[in-house]
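The figures here come from the full heavy-atom set of this structure, side chains too, leaving out hydrogens, waters and symmetry mates.
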Amino acid sequence: MLRGRSFYLKIVLENIIDELLHELGLSRANLIYSGGGRFYILAANTPETKRIFVAGLCKVNQQLARQFQMSLYLAGGNTPVMAEELMGEITIGENMFQRVNHVLYSQKQKRYDDEMMVQIFSLMKAVIRK
């Protein structure tokens, strides 16, 4: 049963990755790593990319909240990276993975924004009424 659940989550995550890549106008070549419930995408550091990424995360979390009643959540974060860092020529304090993991940690402390909390409570009221 555990393997089945793990496989299901892997398929869900791959679908989310494909949707984000599509929305960002990127290909699978921009996916650096996917595994263990995590993924890293290399994308342009622009306001438009950040907007699309945040909107994609919100959309996914709304769907997950509706389908799984808050038992699944997707955290996401970003950090700027220079080409020299990718090539291993320079190190800026923590590496890019450590930096983005710090962003994810702080985001996980506050899973849902105010708008999402209103939606969650509305869903809970609907379930209780049934």
Side-chain angles (χ1 to χ4, degrees):
M1 188 164 113
L2 185 58
R3 262 196 226 168
R5 202 175 334 170
S6 177
F7 178 72
Y8 177 76
L9 289 175
K10 181 170 176 47
I11 295 301
V12 168
L13 188 62
E14 288 298 321
N15 188 29
I16 291 168
I17 292 167
D18 287 340
E19 287 293 319
L20 278 173
L21 288 171
H22 176 74
E23 290 293 320
L24 291 167
L26 302 173
S27 73
R28 245 355 227 191
N30 292 82
L31 179 64
I32 295 174
Y33 172 79
S34 171
R38 296 175 178 260
F39 66 93
Y40 297 94
I41 293 175
L42 183 61
N45 187 20
T46 65
E48 180 66 10
T49 298
K50 291 176 185 178
R51 184 194 64 74
I52 291 170
F53 182 73
V54 169
L57 286 178
C58 288
K59 180 181 171 186
V60 166
N61 281 322
Q62 288 171 352
Q63 291 170 344
L64 291 173
R66 273 194 298 275
Q67 190 168 2
F68 298 102
Q69 293 77 37
M70 296 176 23
S71 58
L72 278 181
Y73 172 80
L74 180 66
N78 62 61
T79 188
V81 178
M82 294 187 301
E84 293 83 6
E85 186 178 2
L86 287 172
M87 294 183 291
E89 294 175 1
I90 63 169
T91 303
I92 306 170
E94 297 178 317
N95 71 38
M96 62 189 154
F97 299 108
Q98 291 169 325
R99 291 194 311 267
V100 79
N101 285 335
H102 283 297
V103 172
L104 290 172
Y105 177 78
S106 64
Q107 185 185 8
K108 288 178 182 179
Q109 300 303 307
K110 187 176 187 268
R111 279 179 118 173
Y112 304 107
D113 61 11
D114 294 338
E115 181 182 327
M116 190 67 184
M117 290 301 289
V118 169
Q119 291 177 5
I120 289 168
F121 287 120
S122 297
L123 285 170
M124 290 173 64
K125 285 180 187 178
V127 169
I128 291 170
R129 287 183 192 149
K130 289 181 182 180

Apply side-chain contact (heavy atoms from CB on, under 4.5 Å) to residues Asn45 and Lys50 and explain how you reach the verdict. CA-CA 7 Å; Asn45 187 20; Lys50 291 176 185 178; 3.0 Å; yes
Determine, using the 4.5 Å side-chain heavy-atom cutoff (strictly less than), whether [X] and [Y] are members of one ILVMFWY cluster.
X     : Y      : value
Leu9  : Leu74  : yes
Tyr33 : Ile16  : no
Phe53 : Leu104 : no
Leu13 : Val100 : no
Met96 : Val103 : no

Tell me, yes or no, whether the heavy-atom count around Tyr105 atom OH, taken from other residues, nucleotides or ligands under 6.0 Å, exceeds 12.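 Open: at most 12 neighbouring heavy atoms sit under 6.0 Å from OH of Tyr105.
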By side-chain hydrogen bond (donor to acceptor under 3.5 Å, both in side chains), which residues pair with Glu84, not counting sequence neighbours?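 By the side-chain hydrogen bond (donor to acceptor under 3.5 Å, both in side chains) rule, Glu84 matches no residue at all.
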Test side-chain contact (heavy atoms from CB on, under 4.5 Å) applied to His102 and Thr79, step by step: CA-CA 10 Å; His102 283 297; Thr79 188; over 6 Å; no
Distance from Asn78 atom CG to Leu42 atom CG, nearest 0.5 Å?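 So the CG of Asn78 and the CG of Leu42 are separated by 12.0 Å.
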Rounded to the nearest 0.5 Å, what separates atom CD1 in Ile52 from atom CG in Leu57?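 Spacing of CD1 (Ile52) from CG (Leu57) equals 12.0 Å.
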Which atom of [X] lies closest to which atom of [Y], heavy atoms considered:
X     : Y     : answer
Ser34 : Ile17 : OG-CD1, 3.4 Å
Leu31 : Ile41 : CD1-CG1, 4.1 Å
Leu26 : Ala43 : CD1-CB, 3.7 Å

Output, in order, the C-alpha distance, side-chain angles, deciding distance and verdict of side-chain contact (heavy atoms from CB on, under 4.5 Å) for Leu20 and Phe39. CA-CA 11 Å; Leu20 278 173; Phe39 66 93; 3.7 Å; yes
Using atom types as modelled and distance alone, determine if a side-chain donor or acceptor of Gln63 lies under 3.5 Å from a backbone N or O of Val60.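 Side chain of Gln63 to backbone of Val60: no pair is present.
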Check whether Asn15 reaches the backbone of Ile11 with its side chain - one donor and one acceptor, N or O, closer than 3.5 Å.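 Not a single qualifying donor-acceptor pair exists.
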Please step through salt bridge (Lys or Arg N to Asp or Glu O under 4.0 Å) for the pair Arg28 and Glu14, ending with a clear verdict. CA-CA 11 Å; Arg28 245 355 227 191; Glu14 288 298 321; 2.4 Å; yes
I'd like to know if Arg99 pairs up with Glu85 as an ion pair, taking the criterion as any Lys NZ or Arg NE/NH1/NH2 lying under 4.0 Å from an Asp or Glu carboxylate oxygen.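 Salt bridge flag = yes for Glu85 with Arg99.
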